[in-house]
Engineer: 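Below is a structure I'd like to ask you about.
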Amino acid sequence: MKPTCIAARMWPRLTVAVALVASLTLLLAGCGGGSGAPSAPILSLTLGYYYVTATGLLPLAATLGDQVQLLAAGNTAGGGQVALTNKATWHSSDPAVATVDANGMLTARAAGSTQVSATYGSFATEPLTVTVNAPGATPTADYYPFYQANQWVYTGTEVFPAQATPPETLTITTQQQVVLEGRVWWELQINYTDPKTPPGFMYLRHDARGLQEVYYVRQGSENVAHYYYRLQEPLTAGAHWVDVARPEHYWDLLSTTASLTVPAAFYEGCFQVREHDVATDGTPFDTIAWFAPTVGLIRTETTAPDPVTGDPVLHSEQSLLRAQLFP
């Protein structure tokens, strides 16, 4: 089961406790299934995808090869919804561009545009416009490879004054592709050693500018999408880029040829990136991240200045223990 309402922006835990929280509405808790007619009378049929924000259900922009789960819901007289994804019949006006299987899984097959809809009995959804783009340049794709069920396992510690906590394992798994603000993103789930710690989620994609992340910030009664790049062109040592919404949050590409040994292996040709940010209490901190080609994130270290000397003090670190990557 997916989280019902909350998805957190989380980078491996060395970013301290400054993660912003996004409130995303889950259209349905599942994709339907089972057999027989719904127990409640259906008044209309709605097409959607998992996360629907205040912006609403936007036309879907995908890239050739993307696969996104669509949903069909029957609206009842009491204002409720009945999951009908696996009971509905799915249609694409141009199957050469995108197809939808009996389970509501959309697959982008060729550049172009198509209208996707679902029917159930005498009810039909409003069509969803799906635009499929040909793959463009993705200069950072090799430094964080996304594929279904890719998994990275890390080991590290949280360091506090005068003591360090026991080693903690952190696991990041590529879950699925989802639609946020009309674009397809990879959803990555973060799990911790302690089963009582709820999983976190982050939403990443590669485009022509680099490795982009989206998260949501509460502004008044709405959740507003916020974007920035964890890696950004030009991918040359000395490159500097800034979070346009928060100028105190910025990155520097320190090296494109770094070497590093972690428990998993020895890696060469790594990107070494320093991220600078400010915690909610005003404390500045830096996170150094290493990205290895064909593997992804292999190590992170977070430091904050000592309140007396001002010298950097290690607060947390994680190193790659093993990776399972497809295809």
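These numbers come from a predicted model, not from an experiment.
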Engineer: Will you find, in the side chains of Asp286 and Thr303, an N or O donor that is under 3.5 Å from an N or O acceptor?
Structural biologist: no

Engineer: What's the shortest heavy-atom distance between Val242 and Pro247, and which atoms?
Structural biologist: CG1-CA, 3.6 Å

Engineer: Could you tell me the separation between the CG atom of Leu321 and the OG1 atom of Thr171, rounded to the nearest 0.5 Å?
Structural biologist: 9.0 Å

Engineer: Under the criterion ring pair (Phe, Tyr, Trp, His ring centres under 6.0 Å), which of Tyr227, Tyr51, Tyr228, Trp185 is the partner of Tyr215?
Structural biologist: Tyr228

Engineer: Inspect the surroundings of CD in Gln148 and state if more than 12 heavy atoms from other residues, nucleotides or ligands are less than 6.0 Å away.
Structural biologist: yes

Engineer: With sequence neighbours left out, what residues match Arg183 under salt bridge (charged side-chain N to carboxylate O under 4.0 Å, His left out)?
Structural biologist: none

Engineer: Glu213 vs His226, test: side chain to side chain donor-acceptor pair (under 3.5 Å). Steps then yes/no.
Structural biologist: CA-CA 8 Å; Glu213 181 169 1; His226 181 49; over 6 Å; no

Engineer: Distance-only criterion, 3.5 Å: show the donor-acceptor pairs between side-chain atoms of residues 93-102 and protein atoms not counting sequence neighbours.
Structural biologist:
unit_1 : atom_1 : unit_2 : atom_2 : d
Ser93  : OG     : Thr114 : OG1    : 3.0
Ser93  : OG     : Gln115 : N      : 2.8
Asp94  : OD1    : Ala96  : N      : 3.2
Thr99  : OG1    : Arg109 : NE     : 2.8
Thr99  : OG1    : Arg109 : NH2    : 3.4
Asp101 : OD1    : Asn103 : N      : 2.8
Asp101 : OD1    : Gly104 : N      : 3.1
Asp101 : OD1    : Met105 : N      : 2.9

Engineer: Can you tell me how far apart OG1 (Thr261) and CD1 (Ile298) are? Round to the nearest 0.5 Å.
Structural biologist: 8.5 Å

Engineer: As an exercise, state the distance from CG of Leu188 to CG of Asn150, rounded to the nearest 0.5 Å.
Structural biologist: 8.5 Å

Engineer: Rounded to the nearest 0.5 Å, how far does CZ of Arg205 lie from CD of Gln212?
Structural biologist: 6.0 Å

Engineer: Which value, rounded to the nearest 0.5 Å, describes the distance between Thr174 atom OG1 and Leu204 atom CG?
Structural biologist: 9.0 Å

Engineer: Gln177 and Tyr49: side-chain donor and acceptor closer than 3.5 Å?
Structural biologist: no

Engineer: My understanding is that a hydrophobic cluster links ILVMFWY residues whose side chain heavy atoms are under 4.5 Å apart, including indirect links. Using that, what else belongs to the cluster containing Val308?
Structural biologist: none

Engineer: Can Glu248 and His276 be counted as having a side-chain donor-acceptor contact under 3.5 angstrom?
Structural biologist: no

Engineer: Take Phe146 and His206, measure what ring pair (Phe, Tyr, Trp, His ring centres under 6.0 Å) needs, and give me the verdict at the end.
Structural biologist: CA-CA 9 Å; Phe146 299 140; His206 295 287; 4.8 Å; yes

Engineer: Could you label the plane-to-plane angle of the Tyr147 and Phe326 rings as parallel, tilted or perpendicular, counting under 30° as parallel and over 60° as perpendicular?
Structural biologist: tilted

